[in-house]
Asker: 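Just dropping this structure here.
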Amino acid sequence: MSSQTITVSRFFKSLIAGFFVAMMLIAMPSHALTDIISFKSPEQEQLYRELTAELRCPKCQNQNIADSNAVVAVDMRHKTLQLVEQGMDKSQVIDYMKTRYGDFVHYQPPFRFSTMWLWLLPMMLILMLALLMLKKQRQQPTVENTDDADLQAMIDAVRKKK
Amino acid sequence: MRKLQFFIPLALFLGLAVFLFSGLFSNPRDHGSALVTQPIPMFSLPELNEPTRLVTHQDLKGKVYLLNVWGTWCATCNAELGFLTKLRQQGINIIGLYYVQPADAAFGEKFEMAALQQEVARKLAEQGDPYQFNIVDEHRSLIFDLGVTGAPETFLVDAQGVIRHHLVGDINEQNWPELSAKYAALAAPVTSGGPHE
């Protein structure tokens, strides 16, 4: 009786396993849908890859055109390829896109009055932190030179302030 | 000096708070348009109901108009048709630029003008027809040159063919007053010696 139960459960287990394997096989080919592009030269391929990674999809929030399948991103990829094949260099393609989709379309913002703080603020912060660290280092009393009397004087000074 | 040290973090915090708070009300889709103050790009595209007639940028000169990018596949555009039809009844010039979605060859789809004509006619009969005529951009070439990211989008173009406003999203009761004022200012007869932009 019990041995029969085991064989039945084994049968079901293998059935379930078989089902999952079948599901995986069915699901496999779905991610094979990508653009197949033949490039005229490895340089052009390299340029195309750089451009599609740096150009930003204007329809989606924070995706480059290589990652997006929005209609506008697909059209931009095709246009990029076309322009690269025409022999345009990187900055020419970026300018071509910018005259249509604005500065937003390139991940590197230009230096302008309106974008000034974007560039200046991080530099200012780094400079400020560096200065602060330098100042702190100078102020720090060296432990070796401090004897008990000095220490007591410092403690008294702090207490008086309070 | 001590007082100042106390206020620096407070000032930084307030500055950051104001910056982030104002960000809550900004529109992430609004990232400016490179086309405003530029002339409408050169194009030559078929008219929907008379595809043998090609409409060019030259044909549109001489009057102020709204160029409305739309498609029957776009739900917001369909909802916008009623409001636009009201505007046409008020005498606003509206020209449609039909956004053809890429046909998926893998699914056996292909672009057919006759099918599109039928579909558009059906939709306009149902929702109202605001358009003087429609330009069909099968390969989205003018749409690309105009920096259109989707549908609906609308351009306000002056009599010289210069783009004066680019609206991403639909025209509705809320944003029409502002656009309407711009339209009226451009459409008004120019008085000699009047203020120029």
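Naming: A, B, ... by sequence-line order, numbering from 1 per chain.
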Asker: Strictly by side chain to side chain donor-acceptor pair (under 3.5 Å), give each pair with a member in residues 116-129 of chain B just once, sequence neighbours left out.
Answerer: Thr72(B)-Glu119(B)
Asker: In Å, rounded to the nearest 0.5 Å, how long is the span from CG of Leu66(B) to CG of Leu167(B)?
Answerer: 9.5 Å
Asker: Shared ILVMFWY cluster between Met88(A) and Phe39(A), side chains joined below 4.5 angstrom?
Answerer: no
Asker: Write down the atom of Gly96(B), the atom of Asn134(B), and the distance for their closest heavy-atom approach.
Answerer: CA-OD1, 3.2 Å
Asker: With only heavy atoms counted, which part of Met97(A) is less than 4.5 Å from chain B, the side chain, the backbone, both or neither?
Answerer: side chain
Asker: Enumerate the inter-chain donor-acceptor pairs under 3.5 Å for chain B and chain A, one line per pair.
Answerer:
residue   : atom : partner   : partner atom : Å
Pro28(B)  : O    : Gln61(A)  : NE2          : 3.4
His31(B)  : NE2  : Pro58(A)  : O            : 3.2
Arg140(B) : NE   : Asp75(A)  : OD2          : 2.5
Arg140(B) : NH2  : Asp75(A)  : OD1          : 3.0
Asp145(B) : OD1  : Arg100(A) : NE           : 2.8
Asp145(B) : OD1  : Arg100(A) : NH2          : 3.3
Val148(B) : O    : Tyr101(A) : OH           : 3.0

Asker: Examine whether an atom of Val168(B) lies under 4.5 Å from a heavy atom of chain A, and if so say whether it belongs to the side chain, the backbone or both; otherwise answer neither.
Answerer: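 Val168(B) has no heavy atom closer than 4.5 Å to chain A.
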Asker: Run Gln132(B) and Asn93(B) through side chain to side chain donor-acceptor pair (under 3.5 Å) and show every step you take.
Answerer: CA-CA 7 Å; Gln132(B) 296 183 336; Asn93(B) 298 322; 2.9 Å; yes
Asker: Check for a donor-acceptor pair, side chain of Asp59(B) on one end and backbone N or O of Thr56(B) on the other, with a separation under 3.5 Å.
Answerer: yes
Asker: May I ask whether Phe111(B) and Leu142(B) are part of the same hydrophobic cluster, defined by side-chain heavy atoms of I, L, V, M, F, W, Y residues being less than 4.5 angstrom apart, directly or through others?
Answerer: yes
